[in-house]
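These notes concern the structure reproduced below.
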Amino acid sequence: MAGSIADNTSFYKKKTYTYVPPSPPAELIDSLSYTIDFAARKFLQIGIDPSEKFQVVVHVLTSSRYVLITVDLMKKIFSYMGNILSFILATPHKYKRIIFYEDEKNKLSSMMYSGENVLVMEAKNREGCRVLLNRADLMRLQYLEKCIFETIVRKEVFSVPLVMKQYHEIVQYIDKKCAQQKSSPNNVHDMVIFIKNIQVDGVVKSIPNFSNQIQMCAAEQLSESLLNQRANNSQEFFNKTRIISPISSPTPMSPPVLLSPPPSPIYAIKSSVDENDGPSFFNMQPLSETGDFDSAVSELHLVRRKLF
């Protein structure tokens, strides 16, 4: 009996403290990193995230976890930094927790950990994505503030437009390569394999060249773009080549038979019918092509005097 109780106790302890790692973060294009605390393995990574519509994002990385910080959230963190530091520097209290900011995706709060107050950055829409920053980490983050935003602005202004230009060039190149295949990929999985095995070194001419990073980090996005483009092209081709059989084929109209010499026409009547024909006044051209209303009226009176 005692043995079974001990076994159950050890089972529940193992179950309670089992570490479940989060899914790894997306690979960033043109990434740059800053060290927050090397001994604790805390780093800041800034780059272009293909899974976030090629926006510039910040990853706060630790040895076992990470959290994704958008540029807007990073701005909020620094705007709240005074309040955050005032609480972090206060006497630790086990049961006192403060929520500094919260939305549908992220939460910034405080807690006591290892005898000190820490800032908790966590993602509400991604399981296990949470990072703890202590007083020294926050002071280091504050020291890096200008460097962080200089890097973000430089990537938003220069890198993102260039990456998007090269991305579309690669899409067009791979689309041509797919057309040359006897059996081209028709789903995302096969297309990703095809993209990762194709050579894109000479496709992009602009510098800096991000083609290899795009191929590696955005293979899934490339495959989705290619499949959507091919589907749209097929639909456009179908619409252009679709034949609608008319009930009766239109026949050309014969010119009117006149018993007397024709007077000067007020309107020129078209000698054939097209697919846009409607009432006869839609197919008449006015006498005056000058666009001048008074001239058109004068011409109309002159013709009527000749007719009558």
| With Arg126 via side-chain contact (heavy atoms from CB on, under 4.5 Å) - residues at least two apart |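 Partners of Arg126 under the side-chain contact (heavy atoms from CB on, under 4.5 Å) test: Glu52, Tyr66, Leu68, Ala123, Cys129.
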| query | Does Ile99 have any side-chain contact (heavy atoms from CB on, under 4.5 Å) partners at least two apart in sequence or in another chain, and if so, which? | reply | Glu102, Lys107, Ser109
| message | Would Gln55 and Thr70 count as a side chain to side chain donor-acceptor pair (under 3.5 Å) here? Give the steps. | response | CA-CA 9 Å; Gln55 296 183 68; Thr70 63; over 6 Å; no
Non-hydrogen atoms of [X] and [Y] that approach each other most closely:
X      : Y      : value
Ile46  : Leu28  : C-CD1, 4.2 Å
Met112 : Gly115 : CG-C, 4.2 Å
Asn209 : Ser211 : OD1-OG, 2.7 Å
Phe87  : Asn117 : O-ND2, 3.2 Å
Cys217 : Ile29  : CB-CG1, 3.8 Å
Ala219 : Gln215 : CB-O, 3.5 Å

Tell me, please, which residues at least two apart from [X] pass ring pair (Phe, Tyr, Trp, His ring centres under 6.0 Å).
X      : answer
Phe210 : none
Phe78  : Phe149
Tyr167 : Phe54

Please check if the side chain of [X] supplies one atom and the backbone of [Y] the other of a donor-acceptor pair under 3.5 Å.
X      : Y      : answer
Arg41  : Thr62  : no
Gln213 : Val163 : no
Gln166 : Pro208 : yes
Glu220 : Val192 : no

Nearest 0.5 angstrom please: [X] [atom1] to [Y] [atom2], how far?
X      : Y      : atom1 : atom2 : result
Asp175 : Leu222 : CG    : CG    : 11.5 Å
Asp37  : Leu133 : CG    : CG    : 10.0 Å
Ile48  : Ser51  : CD1   : OG    : 12.5 Å
Cys178 : Ile198 : SG    : CD1   : 7.0 Å
Ser110 : Asn83  : OG    : CG    : 11.5 Å
Thr151 : Tyr34  : OG1   : OH    : 3.0 Å

Contact between [X] and [Y] at the side-chain level, heavy atoms closer than 4.5 Å - yes or no?
X      : Y      : result
Val71  : Lys75  : yes
Ile195 : Leu226 : yes
Met121 : Ile77  : yes
Asn125 : Glu104 : no
Leu44  : Val60  : yes
Val204 : Tyr173 : no
Leu73  : Lys105 : no
Val203 : Ile174 : no

Mind checking salt bridge (Lys or Arg N to Asp or Glu O under 4.0 Å) for [X] and listing every partner two or more places apart, or none if nothing turns up?
X      : value
Asp49  : none
Lys165 : Glu169
Lys177 : none
Glu127 : none

| task | Please step through side-chain contact (heavy atoms from CB on, under 4.5 Å) for the pair Ile88 and Asn134, ending with a clear verdict. | result | CA-CA 8 Å; Ile88 297 299; Asn134 58 26; over 6 Å; no
| field | same_hphob_cluster(Tyr101, Val67) at 4.5 Å side-chain heavy-atom cutoff | value | yes
| Do Val56 and Phe43 belong together in a cluster built from hydrophobic side chains that touch within less than 4.5 Å? | no
| task | Using side-chain hydrogen bond (donor to acceptor under 3.5 Å, both in side chains) as the criterion, list what pairs up with Gln45, not counting sequence neighbours. | result | His59
Is atom [atom1] of [X] surrounded by more than 12 heavy atoms (other residues, nucleotides or ligands) closer than 6.0 Å?
X      : atom1 : answer
Lys124 : NZ    : yes
Tyr113 : OH    : no
Met139 : CE    : no

| task | Could you name each residue pair satisfying salt bridge (charged side-chain N to carboxylate O under 4.0 Å, His left out) that touches residues 133-144, not counting sequence neighbours? | result | Lys42-Asp137
| remark: For residues 144-163, the salt bridge (charged side-chain N to carboxylate O under 4.0 Å, His left out) pairs (sequence neighbours left out) are Asp30-Lys155
| said: Please evaluate residues Leu132 and Arg65 with respect to the criterion side-chain contact (heavy atoms from CB on, under 4.5 Å), reporting the C-alpha separation (whole Å), side-chain torsions for both, the decisive distance (0.1 Å), and the verdict. | reply: CA-CA 10 Å; Leu132 307 182; Arg65 297 186 185 274; over 6 Å; no
